[in-house]
*Asks:* 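The structure follows.
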Protein chains: 2
Amino acid sequence: MVRESEIRDGEVVVTPPSADDAGLVFIGRIHTPWTSRMEAPRQGRIDGPVCRIDVFEPWVQALDGLAQYKRIEVLYWLHMSRRDLAMQSPRNDGAVRGTFSLRSPARPNPIATSIAELVRIDGATLLVRGLDCLDGTPLLDLKPDRAGFTPLAPPQAGDFQVGEPA
Amino acid sequence: MVRESEIRDGEVVVTPPSADDAGLVFIGRIHTPWTSRMEAPRQGRIDGPVCRIDVFEPWVQALDGLAQYKRIEVLYWLHMSRRDLAMQSPRNDGAVRGTFSLRSPARPNPIATSIAELVRIDGATLLVRGLDCLDGTPLLDLKPDRAGFTPLAPPQAGDFQVGEPA
């Protein structure tokens with residue numbers, strides 16, 4: 001039995017510092033067709049099943065204006081994930097790579113980011129496609145996809161700052 | 001004096017639940033040319049100035065394999081941001097929109113995501129372009145940009161699951 005949270009050959013576990021540098025509040029809950037990490041997609045697909053996001057109070061009014069965006073960025077908390085793996089073996093074949101070179105759910109801060117297609121917003125509920133997480137995953141944030149978003153705030157000096165050529 | 005953390009005409013502040021549903025560990029520190037929120041770019045640009053990311057122990061070995069990716073996703077903690085705004089006025093003109101329809105730093109969980117160009121990794125230090133944050137911002141995560149990443153783990157059933165047509 002692999003594929004859940006056991007440590008595989010060659011993987012490196014560290015003793016992480018305690019995770020109290022900042023605190024998160026769960027702002028909603030995500031409902032998907034997947035109840036096991038053995039069946040969930042490795043990455044969401046934009047033509048995938050429709051998933052439901054329920055937003056909690058007092059944040060429901062913060063959805064105002066989001067419906068105009070077709071693609072949104074969804075951040076969620078991978079609550080079932082180990083946080084102490086520095087080197088991982090995705091194929092469980094003894095070959096390992098650093099955690100930061102993977103999009104594995106096991107990471108020091110298990111925050112997932114997905115680009116989802118927004119199907120509809122209905123009160124406190126969003127319907128989206130493109131997620132990859134387990135049913136019941138806690139929601140952290142919603143924002144327009146950067147590719148389709150133009151800042152509304154006035155320009156600042158840094159907007160125009162470019163670097164030396166590579 | 002606007003543009004820092006004061007509340008503007010029309011903005012809606014809520015009393016958020018305490019932020020203790022999950023805890024974060026800062027895994028590094030980001031160094032940029034910007035020391036004031038009045039000058040930082042509203043969004044990073046891929047031809048922007050080179051910024052430095054210092055990764056803390058015990059996570060340095062987790063960088064193994066990351067150098068092969070030209071574009072990486074960087075997650076960081078916007079430590080100066082308010083977390084209680086549900087409606088915001090980006091132009092400070094009385095017109096407001098919901099927080100989730102903006103990429104403003106002020107949000108219930110102030111996590112920023114940027115796609116950066118990886119210039120070089122040198123031990124525990126990364127040089128990147130494309131960030132927009134203040135000097136000293138805490139690092140939360142690094143991963144390959146989804147657009148350039150192919151999962152190494154074996155396929156799972158969910159990978160092949162598509163939804164009903166819209």
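To find a chain, count down the sequence lines: A is the first, B the second, and so on, and within it residues start at 1. None of the values given here were measured: they were computed from a predicted structure.
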*Asks:* Based on non-hydrogen pairs under 4.5 Å, which of A/Arg146, A/Gln43, A/Gln161 is most in contact with chain B?
*Replies:*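 The residue among A/Arg146, A/Gln43, A/Gln161 with the greatest pair count is A/Arg146.
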*Asks:* May I ask you to check whether B/Thr32 and B/Arg52 show a side-chain donor-acceptor distance below 3.5 Å?
*Replies:*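 Per modelled atom types, B/Thr32 and B/Arg52 side chains form no pair under 3.5 Å.
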*Asks:* Just so I understand: if I count every heavy-atom pair under 4.5 Å between each of A/Ile72, A/Val60, A/Leu75 and chain B, which residue has the most?
*Replies:*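 It is A/Leu75.
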*Asks:* Given a strict heavy-atom distance threshold of 4.5 Å, which part of A/Arg107 is in contact with chain B: side chain, backbone, both, or neither?
*Replies:*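 A/Arg107 touches chain B through side-chain heavy atoms alone.
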*Asks:* Hey, which of B/Leu140, B/Ile46, B/Val96 has the most heavy atom pairs under 4.5 Å with chain A?
*Replies:*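 Counting heavy-atom pairs under 4.5 Å, the top option is B/Leu140.
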*Asks:* For each of B/Gly158, B/Ala62, B/Gly163, B/Gly23, tally heavy-atom pairs with chain A at distances under 4.5 Å, and name the one with the top tally.
*Replies:*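 Of the candidates given, the most pairs with chain A belong to B/Ala62.
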*Asks:* For each of A/Ala95, A/Ala157, A/Pro17, tally heavy-atom pairs with chain B at distances under 4.5 Å, and name the one with the top tally.
*Replies:*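 Heavy-atom pairs under 4.5 Å are most numerous for A/Pro17.
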*Asks:* So which residue, B/Glu57, B/Met87, B/His79, ends up with the most heavy-atom pairs under 4.5 Å with chain A?
*Replies:*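 Top option by heavy-atom pairs under 4.5 Å: B/Met87.
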*Asks:* Just give me the residue among A/Ala86, A/Pro58, A/Ala22, A/Gly48 that pairs up with chain B most often, heavy atom to heavy atom, under 4.5 Å.
*Replies:*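 The candidate making the most pairs under 4.5 Å is A/Ala22.
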*Asks:* For B/Thr15, is it the side chain, the backbone, both or neither that has a heavy atom under 4.5 Å from a heavy atom of chain A?
*Replies:*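 Only the backbone of B/Thr15 comes within 4.5 Å of chain A.
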*Asks:* Checking A/Arg45 against chain B: side chain, backbone, both or neither under 4.5 Å from a heavy atom?
*Replies:*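 The side chain, not the backbone.
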*Asks:* With a 4.5 angstrom heavy-atom cut-off, which part of B/Ser18 approaches chain A: side chain, backbone, both or neither?
*Replies:*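 Contact with chain A involves the backbone of B/Ser18 alone.
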*Asks:* With a 4.5 Å heavy-atom cut-off, do A/Arg129 and A/Cys51 have their side chains touching?
*Replies:*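 Contact flag for A/Arg129/A/Cys51 side chains = no.
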*Asks:* Counting N and O atoms only, with roles assigned by atom type, does the side chain of B/Gln156 sit under 3.5 Å from a partner on the main chain of A/Pro41, one being a donor and the other an acceptor?
*Replies:*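 Not a single qualifying donor-acceptor pair exists.
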*Asks:* Among A/Pro108, A/Ser114, A/Gly65, which residue has the highest count of heavy-atom pairs closer than 4.5 Å to chain B?
*Replies:*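 Ranked by contacts with chain B, first place is A/Pro108.
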*Asks:* How about A/Ser89 and A/Glu11: does a side-chain donor come under 3.5 Å of a side-chain acceptor?
*Replies:*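 There is no such pair (donor and acceptor under 3.5 Å, judged by atom type) between the side chains of A/Ser89 and A/Glu11.
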*Asks:* Check whether B/Tyr69 gets within reach of chain A through its side chain, its backbone, both or neither, counting any heavy atom under 4.5 Å.
*Replies:*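 Looking at B/Tyr69, just its side chain touches chain A.
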*Asks:* Treating A/Ser36 as the side-chain partner and A/Met38 as the backbone partner, does any N or O pair qualify as donor plus acceptor under 3.5 Å?
*Replies:*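 Pair found, side chain donor or acceptor close to backbone of A/Met38.
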*Asks:* Name the region of A/Asp47, side chain, backbone, both or neither, that has any atom closer than 4.5 Å to a heavy atom of chain B.
*Replies:*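 Both parts, backbone and side chain.
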*Asks:* Could you walk me through whether B/Asp54 and B/Thr125 pass the side chain to side chain donor-acceptor pair (under 3.5 Å) test, one step at a time?
*Replies:* CA-CA 5 Å; B/Asp54 294 328; B/Thr125 298; 3.2 Å; yes
*Asks:* Tell me if a side-chain donor or acceptor on A/Asp9 pairs with a main-chain N or O of A/Gly94 at a distance below 3.5 Å.
*Replies:*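 Looks like no, no N/O pair under 3.5 Å.
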*Asks:* Whether B/Asp159 and A/Arg42 form a salt bridge (side-chain N of Lys/Arg under 4.0 Å from carboxylate O of Asp/Glu) is what I want to check.
*Replies:*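 Yes, A/Arg42 and B/Asp159 are salt-bridged.
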*Asks:* Indicate whether any N or O donor in one side chain lies under 3.5 Å from an N or O acceptor in the other, for A/Glu73 and B/Thr113.
*Replies:*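 There is such a pair (donor and acceptor under 3.5 Å, judged by atom type) between the side chains of A/Glu73 and B/Thr113.
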*Asks:* For the interface with chain A, which of B/Asp141, B/Asn109, B/Ile115 has the highest count of heavy-atom pairs at distances below 4.5 Å?
*Replies:*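 With the most close heavy-atom pairs to chain A, the winner is B/Asn109.
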*Asks:* Heavy-atom distance under 4.5 Å to chain A: side chain of B/Trp59, backbone, both or neither?
*Replies:*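 For B/Trp59, the contact with chain A is made by backbone and side chain together.
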*Asks:* Please check if the side chain of B/Glu39 supplies one atom and the backbone of B/Thr35 the other of a donor-acceptor pair under 3.5 Å.
*Replies:*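 Indeed, once roles are kept as given, a pair shorter than 3.5 Å links the two residues.
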*Asks:* Pick whichever of B/Ile27, B/Asp64, B/Leu102, B/Val14 has the most heavy-atom pairs under 4.5 Å with chain A.
*Replies:*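 Heavy-atom pairs under 4.5 Å are most numerous for B/Asp64.
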*Asks:* Shorter than 4.5 Å, heavy atoms on both sides: which option in B/Ile111, B/Leu142, B/Thr99, B/Asp93 has the most such pairs with chain A?
*Replies:*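 Heavy-atom pairs under 4.5 Å are most numerous for B/Leu142.
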*Asks:* Taking the side chain as every heavy atom from C-beta outward, state whether B/Arg29 and B/Pro138 have any pair of such atoms under 4.5 Å apart.
*Replies:*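 Yes, at least one pair of side-chain atoms sits under 4.5 Å.
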*Asks:* Non-hydrogen atoms of chain A under 4.5 Å away: do they reach the side chain of B/Gln88, the backbone, both or neither?
*Replies:*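 Answer is neither: B/Gln88 stays 4.5 Å or more from chain A.
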*Asks:* Does the side chain of A/Lys70 come within less than 4.5 Å of A/Glu117's, by heavy atoms?
*Replies:*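 Of all side-chain heavy-atom pairs linking A/Lys70 with A/Glu117, at least one is under 4.5 Å.
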